[in-house]
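Sequence positions, counted from 1, serve as the residue numbers for this chain. Quick caveat: nothing in here was measured; it's all calculated off a predicted structure.
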Amino acid sequence: MAPQNTNVGDLIVAVERPPAATHKPPVLLLHGFNGGAWYWEAYQALLASRGYASHAINLRGHHGSRPVKDIGKVRVMDYVADALDVARSLKNPIVIGHSMGGLLAQKVAEAGACRAAVMLASAPPRWIPIVSWVLMTKQLKYAKALATFTSLKPDRRDADALMFNRTPMADRAAFFPRLVPESGRAGFDLSFGIVGVNERRVTCPTLVVYGSDDKFIVPRIARAIAAKYRSPIRVYDGFAHHIMSEPGWERPANDVVDWMDQH
């Protein structure tokens, strides 16, 4: 059964429920830069098969959700507000965030609005530099959008290099057209460590997951995030940035759900 769109205020949220009612808590799924609820579809089916209802948010300005006048000027903290709106409506969910969504998950945990947080290939908070050689060389062409807070979207070559380097060509061709313009201001916030997280306020269980071949969020960043929260860390060889949809994605996904079952 495919996820069904519902609304939390003016936010569009894709919801999938298990075939029979369970006592397991709801799961909030947070997408990353240029993304949307769509890239959690397979994950949501797996969660339903394991007894979890899942709620995949479309952040404001993405796929018709919470319309904005100028996507280029949206801050990461605006996206945090979106995540908190849905998290609080779910009353203490488990939250799973990917890339930028991983940073949003950290902020939800800091606010005490979730019972556990999983960070997949997560963007880092302040004091953990996001820059790497590969990212820096690709990012130069987007410097104007970051500096002037205009919208941006990677070209196909950069998306393949940073996001889809372990994604089959046929899937890349299907995924790339579904990417949407993103906020230059949010990109600035991520690039320059504007958003901080007080780790002492993150009291729920946390888990860090990443692929060893991630070119966007390199392993150094994942290790630093895990150290910040004294979190267990799972590394998967042969996986990259889109670990939730690459071939064999079911293995790390099931490991995440096993961890959720324990917490």
Applying the side chain to side chain contact (heavy atoms under 4.5 Å, CB included) test to Val257, which of Ile94, Leu46, Ile96 qualifies?
Leu46
Under 3.5 Å, side chain of Arg223 to main-chain N/O of Ile233, donor-acceptor pair present?
no
Polar side-chain atom of Asn34 near backbone of Lys153 as donor-acceptor pair, under 3.5 Å:
no
Are Arg60 and Asp82 within salt-bridge range, i.e. N to O under 4.0 Å?
yes
Please say which of Ile225, Leu207, Leu30, Leu104 ends up in a side chain to side chain contact (heavy atoms under 4.5 Å, CB included) with Met119.
Ile225
Can you check side chain to side chain donor-acceptor pair (under 3.5 Å) on Asp261 and Tyr52, steps first, answer last?
CA-CA 10 Å; Asp261 285 344; Tyr52 288 92; 2.6 Å; yes
Go through the steps for Asp10 and Arg66 under the test side-chain contact (heavy atoms from CB on, under 4.5 Å), then give the verdict.
CA-CA 5 Å; Asp10 55 356; Arg66 188 163 281 178; 2.5 Å; yes
Does the separation of the ring centres of Phe175 and Tyr39 fall below 6.0 angstrom?
no
State, with a plain yes or no, whether a side-chain heavy atom of Pro25 is found less than 4.5 Å away from one of Met260.
no
Give a yes or no answer on whether the side chain of Asn58 reaches the backbone of Ser65 with a donor-acceptor pair at less than 3.5 Å.
no
For residues Val76 and Val180: do they belong to one hydrophobic cluster (side chain heavy atoms under 4.5 Å, members Ile, Leu, Val, Met, Phe, Trp, Tyr)?
no
Close side-chain approach of Ser89 and His55, heavy atoms under 4.5 Å:
no
Test Tyr79 against His62 for ring pair (Phe, Tyr, Trp, His ring centres under 6.0 Å), laying out the working first.
CA-CA 11 Å; Tyr79 294 147; His62 294 68; 5.6 Å; yes
Are any non-hydrogen side-chain atoms of Leu152 and Phe33 less than 4.5 angstrom apart?
yes
Asn92 side chain to Arg115 backbone, donor-acceptor under 3.5 Å:
yes
Tell me whether the rings of Phe192 and Phe188 are parallel (<30°), tilted (30 to 60°) or perpendicular (>60°).
tilted
Check the angle between the aromatic planes of His98 and His242 and answer parallel, tilted or perpendicular using the 30° and 60° thresholds.
perpendicular
So, the side chain of Arg178 versus the backbone of Trp38: is there a donor-acceptor pair under 3.5 Å, distance only?
no
Salt bridge Arg185-Asp78, side-chain N to carboxylate O under 4.0 Å:
no
